[in-house]
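Beneath this line is the structure, given in structure tokens, with notes to follow.
Proteins get letters first, then strands, A, B, ... in listed order; numbering begins at 1 in each. Just so we're clear, the structure is a prediction, and the values are computed from it rather than from any experiment.
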Amino acid sequence: MKNGDHLFLVDGSGYIFRAYHALPPLNRKSDGLPVSAVLGFCNMVWKLLKDARDTAVGVTPTHFAVIFDYSSKTFRNEIFPEYKANRTEPPEDLIPQFGLIREATRAFDLPCIEMEGYEADDLIATYARLATEAGGDATIVSSDKDLMQLVRPTVSMYDPMKDRQIGIAEVIEKWGVPPEKMIDLQALTGDSIDNIPGVPGIGPKTAAQLLEEYGDLDTLLSRAHEIRQNKRRENLIEYAEKARISRELVRLKDDVPVELPLDALALNPPNGPKLIAFLKAMEFSSLTRRVAEATGTDAAAIEPAYVEVQKGAEAHGPDLTIPATGTGELGAEGEVAPERAEETETPEKLARKLAEAAVGKQFDRSRYVCIRDLEALNQWVAEARETGLLALTAETTSSDPMQAELCGIALATAPGRAAYVPLAHKDGSADLLGGGLVDGQLAIADVLGVLQPLLHDSAVLKIGQNLKYAWLLLYRHGIEIAPYDDTMLISYVLEAGSQAHGLDALSQRWLGTTPLSYTEAAKGRAKTTFDMIELERATIYAAENADIIFRLWKVLKPQLAARGLVSVYERLERPMISVISRMEHRGITVDRQILSRMSGEFAQTAAAMEEEIYRLAGERFTIGSPKQLGEILFGKMGLPGGAKTKSGQWSTSAQVLEELAAEGHELPRRIVDWRQVTKLKSTYTDALPGYINPDTGRVHTSYALASTTTGRLSSSEPNLQNIPIRTAEGRKIRTAFVAAPGRKLISADYSQIELRVLAHVADIPQLKQAFADGLDIHAMTASEMFGVPIEGMPAEVRRRAKAINFGIIYGISAFGLANQLGIPREEASAYIKRYFERFPGIRDYMEHTKAFCREHGYVETVFGRRAYYPEIRSSNPSVRAFNERAAINAPIQGSAADIIRRAMIRMDAALQDAGLGNVQMLLQVHDELVFEAPDEAVERAIPVIRTVMEGAAWPARALSVPLKVDARAADNWDEAH
DNA sequence: GTGGTCTCCTA
DNA sequence: GTAGGAGACCACA
């Protein structure tokens, strides 16, 4: 920005409310979506951009930005917790417009700026200052008095609804003080809407008069005793501190660490097609026409954009998006006033209609195209740009996206319109050296070169099934797919627990068709890699999958809105794809030498143990065979059997063997020890080195996003969520998880997160108080239950209370608790009874949860994620009881899972903002995150990580219990944890 | 080779 | 008592 440049700063959030109340209601004709503020906004911005000379501003902007509030919580809440506390929820028909106006901003190709922790006004103040310092001018498009303190010779305001400019003279005229005294004036008068206290009895007139007389607030307050009017003097003295707090609330922060520099706000010529696509989606016909004329664009040739609609509790933040009801088919014209609007179609009706329409549709495999030249590929790219939608799948040589080589890419741009681009298919007659490639395939680099802009194009939604796989694969090729949707995750949000989410299952369930199986495509050789499959079959298989994904998306996406699950998908699922992909891509270093040494030691120990076991048993047998072991112990040696397994065998579980050992039997003791050693060896020290990726030298686990009922992740190949920790021997395995040289591992874990969630959801005063006070929660429980003082409490008493606390989370039963504690069932029953007497809220919560689940078939987390347990209505008592326990557990486990997801989603940006872009999140273990950081960044990183994790529920939910995170850094995972 | 069973590792 | 993944064994193809 340079001398003479002019920056326009539009107060987007302020405009929304003002336009909503000032403009007549307007609904989109095709679906009744309320859009009056959106139209007002678009008209206003268009006018500012095109006809600034005709408005009171009289200048044409060179720089432009639209600023929004991010959320209601800012640094002001720390100064004054009640700040904006009496803010009410926005009206129902305004909520979707928050997101739409952000979309509109993007359609205008204008920067859309918001920042967590700051209000729009602070960002505006910062940019206005920056513009002035750069020698330019700024116009703040707003009429909010809170912004008037910013007015100066280089900064003015413009009220777009009255077409009126506000400069220094206008501020003085209206308020009786110059702009620089507006802060003091507002500090005195307060503001009931924002809940700023001010001084009672002082309004704008008196305030202006006082400031005129005394100069400024500090002088006034220090000389308040001089004031003659009794009541006014008393109030000024009594409320002096409130006035000072008010001043800090009112004073705008003009040094926000903004992300976008001033130069990034430079105005570009309007992108006619992009803007028109949005305006058409909104069905603003006259503005569409005006924009088309001004930009020389043929509006008729442009398809309406796919526009997502925000709605729900978080809609005034960047949270939550809901798809518009209908995507490309909305051809209706006219900006319809409500009285002319036809009966609105509900999301439910539309979703049902689309679902019904999709079933049994033809799949014509002969129409799938095999793309073998760039011209054809470009044609498909153009199609995707037109529709704004692209379903895709990557075909590769491996199920591990960190090792897989790309064989081809399948695309779909409409139902039935799908193609396959073979890239690296091998000749069937290949020799042992790998043979030649099939002729006529495009080069990977060329194809990715053509696709990259499309995969990055913000106007084209990329749709995948388990998109994480393709995302990570292409990330390895330097491509970050965005924006995107994932049919698997949509299905998971819709039906976690009750249905499968694989492509075949979804296809059968929603489309009524079974896709060509991989085995069929590979002519029965299920093990051959995809590059060995001939092109014709490969095309059918891959293109059909892309086709199915496209059709599934058309059916599934509207279901989210219809079932009120958009926020779950948008806030908890979709963002995880890029977050998890990056984590998997980073991997973690595992020290081969350490594991190899341990394996050797374990081998020796195990061998010695085996000899001793054979001696004690009197024969050699397969110790690892529960069947053979059972025969030795309970047959040959005649030991008393304990529990039976499902298949009627005597159980040889550790618990049974421990009991026998406790009775003095030597062999069971040795078996238990042997099992521990061989378990550690086979599952960990032997297996882990095999997962070290030869290219990266690190271990890259795979996190499943849609495999649990509760919302937890799962980890596999290898599972890094079950690395031993409980025994000293096992724990040593963690020393093999190391930081790279010059770096440290940081482990940050939530303390008692599930019990905290329980205290919140079940609303248990004693638990909440104990957490607020930072007490030992198990000791507190014991003290409450058994009347034992916390100090000097016997360890056994605390242990029992701890078991009960965990039992509650797991949906307690007397049987389970008795088992866990090794006490009679009657005693366990008595404990539970006592617990419920002390904490009746827990019993209420459990009963309420079960009843809710029986009625609805699902339960919900704090954030609205659903877990389905239809079998809670089973007539089989044990099935029913099992589902009841699961239903009690799911909201607790699931809410905790949601919280850490939210932390993970925010983490990278938070670290980046703190200048810690070199701190990398590597692993998640349900309540723990593991990072790798350069030595010198560790001390700065820990507080950032802790802040993000402890604040992860906010602003979606205000937990009534604090979250606590412990974090530590070391060279290896054992010492860091 | 595949799938079921048993056992055991984690939160 | 909740939620997972994996290795070993073993019966079946």
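In this structure, CD of A:Q820 is placed 12 Å from P of C:dT2, rounded to the nearest angstrom. Nucleotide B:dC6 holds its P atom 20 Å from the CD1 atom of A:I623, rounded to whole Å. Remark: P of B:dC9 and CD1 of A:I733 are 10 Å apart, rounded to the nearest angstrom. A:Q924 has its CD atom 17 Å from the P atom of C:dA3, to the nearest Å. Remark: C1' of C:dG4 and NE2 of A:H926 are 6 Å apart, rounded to the nearest angstrom. Going from atom CG of A:L629 over to atom P of B:dC6 covers 14 Å, rounded to whole Å. Across the protein-nucleic acid pair, A:N889 atom CG and C:dG4 atom C1' stand 12 Å apart, rounded to whole Å. The nearest whole Å value for the distance from the NZ atom in A:K646 to the C1' atom in B:dG3 is 13 Å.
For A:T709, a side-chain nitrogen or oxygen approaches OP1 or OP2 of C:dG4 to under 4.0 Å. In this structure, A:Q676 does not reach the B:dC9 phosphate: none of its side-chain N or O atoms is under 4.0 Å from OP1 or OP2. Here A:S714 reaches the OP1 or OP2 of C:dG5: one of its side-chain N or O atoms lies under 4.0 Å away. Between A:K627 and C:dA11 there is a side-chain N or O to OP1 or OP2 distance below 4.0 Å.
When distances run from any side-chain atom of A:R734 to the nucleotides B:dC6, C:dG1, B:dT10, the shortest one goes to B:dT10. Minimum atom distance to the side chain of A:A803 is reached by C:dG1, of the listed C:dG1, C:dG4, B:dT7. Closest to the A:S647 side chain, of the nucleotides B:dC6, C:dG7, B:dT7, is B:dC6. Relative to the side chain of A:Y810, the nucleotides C:dG1, C:dG7, B:dC6 differ in distance, and C:dG1 lies closest. In this structure, the nucleotide among C:dC10, B:dT7, C:dG4 sitting nearest to the side chain of A:Q628 is C:dC10. Distance from the side chain of A:R675 is smallest to B:dC8 among C:dG1, B:dC8, C:dA3. Comparing B:dC9, B:dC8, C:dA8 against the side chain of A:S682 picks out C:dA8 as the nearest. Side-chain atoms of A:R726 lie closest to B:dT10 of the nucleotides C:dG5, C:dA11, B:dT10. Closest contact between the side chain of A:A886 and the listed nucleotides B:dT7, C:dA3, C:dG5 involves C:dA3. Among C:dG1, C:dA3, B:dC9, the nucleotide with an atom closest to any side-chain atom of A:F882 is C:dA3.
Residue A:L817 is in base contact, counting any heavy-atom pair closer than 4.0 Å across all strands shown.
Residues A:T683 and A:A881 both approach DNA chain C. Their nearest nucleotides, taken by heavy-atom distance, put A:A881 toward the 5′ side.
Between A:R880 and A:I872 the shortest heavy-atom distance is CG-O, 3.1 Å. Across every non-hydrogen atom of A:G642 and A:V656, the tightest pair is N-CG1, 4.5 Å.
A:M921 places a side-chain heavy atom less than 4.5 Å from the side chain of A:V579.
Side chains of A:Q403 and A:S398: a donor-acceptor N/O pair is absent below 3.5 angstrom, by distance only.
Taking the six-membered ring where the residue is Trp, A:F621 and A:Y614 present perpendicular rings, their angle passing 60° and hence far from 30°.
Residues A:F786 and A:Y831 bring their aromatic ring centres within 6.0 Å.
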